[in-house]
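Heavy-atom basis, side chains included; hydrogens, waters and symmetry copies ignored. We count residues from 1, following the sequence as given.
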Amino acid sequence: MGRVTTVVVCLMLGCRTTADLPKPVNEEPLPDLRIKKVEYRQLHRQQLIRRSPRDPVLAKLEYEFVLQIENIGQRNLQEPFYISVSRSLNDYQQYLYSHHIRINDEHRLLETGQVTRFVLRVDLDFPPPGTRLSHYPIRFYINTEGPENSTGYPTLRILERNYANNTFELQIRF
């Protein structure tokens with residue numbers, strides 16, 4: 001009768017027996033990159049010439065971004081990879097990336113738990129005339145998923161523990 005009582009109590013409390021527990025998966029240690037912090041500064045503003053009188057006057061804003069990328073996985077990483085960037089309001093709103101920058105070509109070692117700084121220069125499309133914005137949204141994406149990525153740009157495949165933490169959003173102040 002003691003066994004029946006234990007089983008009933010376990011069923012009520014949601015206890016699990018060793019037979020009910022999922023078997024551990026033999027996962028190999030993988031790196032896992034995430035953008036920890038982004039710092040930026042505006043370098044200059046460039047006026048672009050209109051192609052026709054009907055085209056709006058456009059401007060490009062050149063920014064320098066310092067990305068602090070942390071390896072929160074269980075394995076070091078030394079391979080180059082891509083950072084994809086949304087460069088316009090249209091890109092940002094439609095979750096597109098129109099600029100892809102290959103980084104870590106010097107094969108720096110990104111050790112587990114280490115934060116590594118990478119400097120990127122990006123030209124952003126200035127908002128159309130009449131748009132009143134005090135902040136400009138931009139999205140960065142550590143693009144390591146290879147051909148399966150959502151950008152449509154062919155990139156390098158690096159196995160990571162988790163791809164869901166590869167996006168970082170930032171609001172640039174004008």
query = Is there a side-chain contact between N165 and I72, using heavy atoms and a 4.5 Å cut-off?
reply = yes
task = Give a yes or no on whether I142 and L159 share a hydrophobic cluster (residues Ile, Leu, Val, Met, Phe, Trp, Tyr; joining criterion: side-chain heavy atoms under 4.5 Å apart).
result = no
Backbone of D125 reached by a side-chain donor or acceptor of R87 within 3.5 Å = no
key: Worked verdict on Q68 versus E39 for side chain to side chain contact (heavy atoms under 4.5 Å, CB included)   = CA-CA 8 Å; Q68 294 182 8; E39 298 169 346; 4.1 Å; yes
task = Kindly work out whether a path of hydrophobic side-chain contacts (I/L/V/M/F/W/Y, heavy atoms less than 4.5 Å apart) joins L170 to L120.
result = yes
inquiry  = Return the OG1 to CZ distance between T112 and R75, rounded to the nearest 0.5 Å.
reply    = 9.0 Å
message = Rounded at 0.5 Å granularity, tell me how far CZ in R139 sits from CD in Q93.
response = 9.5 Å
key: Straight-line distance of I158 CD1 to D32 CG, nearest 0.5 Å   = 12.0 Å
task = Work out which heavy atom in P137 is nearest to a heavy atom in L89; give both atom names and the distance.
result = CD-CD2, 3.5 Å
request  = Please work out whether the ring planes of F168 and F140 are parallel, tilted or perpendicular, with thresholds of 30° and 60°.
outcome  = tilted
ask   = Minimum heavy-atom separation for Y63 to R173, with atom names?
value = OH-O, 4.4 Å
task = Decide whether Y97 and V85 are clustered together by the hydrophobic rule: side chain heavy atoms of Ile, Leu, Val, Met, Phe, Trp, Tyr closer than 4.5 Å, transitively.
result = no
task = Identify the two heavy atoms, one from K36 and one from V115, that lie closest to each other, and give their separation to 0.1 Å.
result = CD-CG2, 3.9 Å
task = Please report the closest heavy-atom contact between S86 and L96, naming both atoms and the distance.
result = CB-O, 3.3 Å
message = If you compare all heavy atoms of Q171 against all heavy atoms of Y40, which two are closest, and at what distance to 0.1 Å?
response = O-OH, 4.0 Å
4.5 Å side-chain heavy-atom contact, L110 and F118 = yes
query = To the nearest 0.5 Å, how far apart are OG1 in T116 and CZ in R108?
reply = 6.0 Å
inquiry  = Using every non-hydrogen atom in the two residues, find where L77 and E79 come nearest and quote the distance to one decimal.
reply    = CD1-OE1, 2.5 Å
Side-chain heavy-atom pair E64, V119 within 4.5 angstrom cut-off = yes
ask   = When you check the side-chain N and O atoms of E160 and N166, is any donor under 3.5 Å from an acceptor?
value = yes
request  = Give me the one residue out of N104, L156, I103 that meets side-chain contact (heavy atoms from CB on, under 4.5 Å) with Y82.
outcome  = L156
task = Please examine the side chains of I83 and Y141, heavy atoms only from C-beta on, and report whether any two atoms are closer than 4.5 Å.
result = no
query = Do I101 and F65 have side chains that get closer than 4.5 Å, going by heavy atoms?
reply = no
query = Could you give the distance from CZ (R41) to CD (E62), rounded to the nearest 0.5 Å?
reply = 9.5 Å
ask   = Has the side chain of Q78 got a donor or acceptor atom that lies under 3.5 Å from a matching backbone atom of H107?
value = yes
query = Is I172 close to L124 at the side-chain level, that is, under 4.5 Å between some pair of heavy atoms?
reply = yes
key: Flag, side chain of N71 to backbone of L33, donor-acceptor distance under 3.5 Å   = no
query = Hey, what do you get for CD (Q114) to CG (L109), rounding to the nearest 0.5 Å?
reply = 6.5 Å
task = Report yes if the side chains of Y163 and T144 come closer than 4.5 Å at any heavy-atom pair, otherwise no.
result = yes
